[in-house]
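This report refers to the structure that appears directly beneath it.
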Amino acid sequence: MKSTRIKRITVSMLAGLLVFTAPGIGAAGSLAGSKGNTRFWPPLSLNPKEPCTKSYNAYVAASGHSAYATTFYSRVDDLYIICGARLNAPSQKAAEELALRSCQVGLKKWKVQTASGGCKIAASK
């Protein structure tokens, strides 16, 4: 009789503890919707179908470590924006390196020179 009562009390205490700790665990695990560490505001188009705007929106929606790299925009010298993103990488540092590499590949692919000097990490999380 006593062991059954002790088991019920223990189970109810553990269930109560689980109810209080579970919401904190779920909130800490996801980075989705977060803009992360924004180093500078990337030049985005108002058109959501533009490739760099799509990449930035995917970066914000990503649930893991991600980064967004882009060229600076100067209305006087640059007529284009090149960008790169890496979503859900193993770490923030890895995401930054791969996003920067992706942007630099775009510069080489399109054979362009920017007045700003190349790609920089705009945001990472």
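Arg101 meets the side-chain hydrogen bond (donor to acceptor under 3.5 Å, both in side chains) test with no other residue; sequence neighbours excluded. For Asn88, the side chain to side chain contact (heavy atoms under 4.5 Å, CB included) criterion is met by Ala62, Ser63, Ser66, not counting sequence neighbours. Considering only residues two or more places apart in sequence or on other chains, Lys93 meets the side chain to side chain contact (heavy atoms under 4.5 Å, CB included) condition with Ser91, Glu97. Checked against side chain to side chain contact (heavy atoms under 4.5 Å, CB included), Ala58 has the following partners two or more places apart in sequence or in another chain: Leu87. Taking Val112 as the reference, Tyr80, Ile82, Leu107, Trp110 meet the side chain to side chain contact (heavy atoms under 4.5 Å, CB included) condition, with sequence neighbours excluded. Under the rule for a side-chain hydrogen bond (donor to acceptor under 3.5 Å, both in side chains), the partners of Ser124 that lie at least two apart in sequence or sit in another chain are Gln92, Glu96.
Atom CZ of Arg39 is separated from atom OH of Tyr68 by 14.5 Å, given to the nearest 0.5 angstrom. In this structure, the separation between SG on Cys119 and CD1 on Ile81 is 11.5 Å, given to the nearest 0.5 Å.
At least one donor-acceptor pair closer than 3.5 Å links the side chain of Ser30 to the backbone N or O of Ala32.
Pairs of residues two or more places apart, or lying in two chains, that qualify as disulfide (SG to SG under 2.5 Å) and include a residue from residues 29-66 are Cys52-Cys83. Judged as a salt bridge (Lys or Arg N to Asp or Glu O under 4.0 Å), not a single pair has a partner in residues 81-90 (not counting sequence neighbours). Residues in residues 104-125 take part in no salt bridge (Lys or Arg N to Asp or Glu O under 4.0 Å) pair, two or more places apart or across chains. Every pair tested for salt bridge (Lys or Arg N to Asp or Glu O under 4.0 Å) that includes a residue from residues 44-58 fails, sequence neighbours excluded, so the list is empty.
Contact detail for Gly84 and Ser102: the closest heavy-atom pair is CA-OG, 3.6 Å. Between Thr70 and Pro42, the shortest heavy-atom distance links the atoms CG2-CB, 4.1 Å. Here the shortest heavy-atom pairing between Leu46 and Pro48 reads O-CD, 3.3 Å.
In the hydrophobic clustering, where aliphatic and aromatic side chains (Ile, Leu, Val, Met, Phe, Trp, Tyr) are joined below 4.5 Å either directly or transitively, Leu100 groups with Ile121.
Cluster membership for Trp41 and Tyr59, using ILVMFWY side-chain heavy atoms within less than 4.5 angstrom, is shared.
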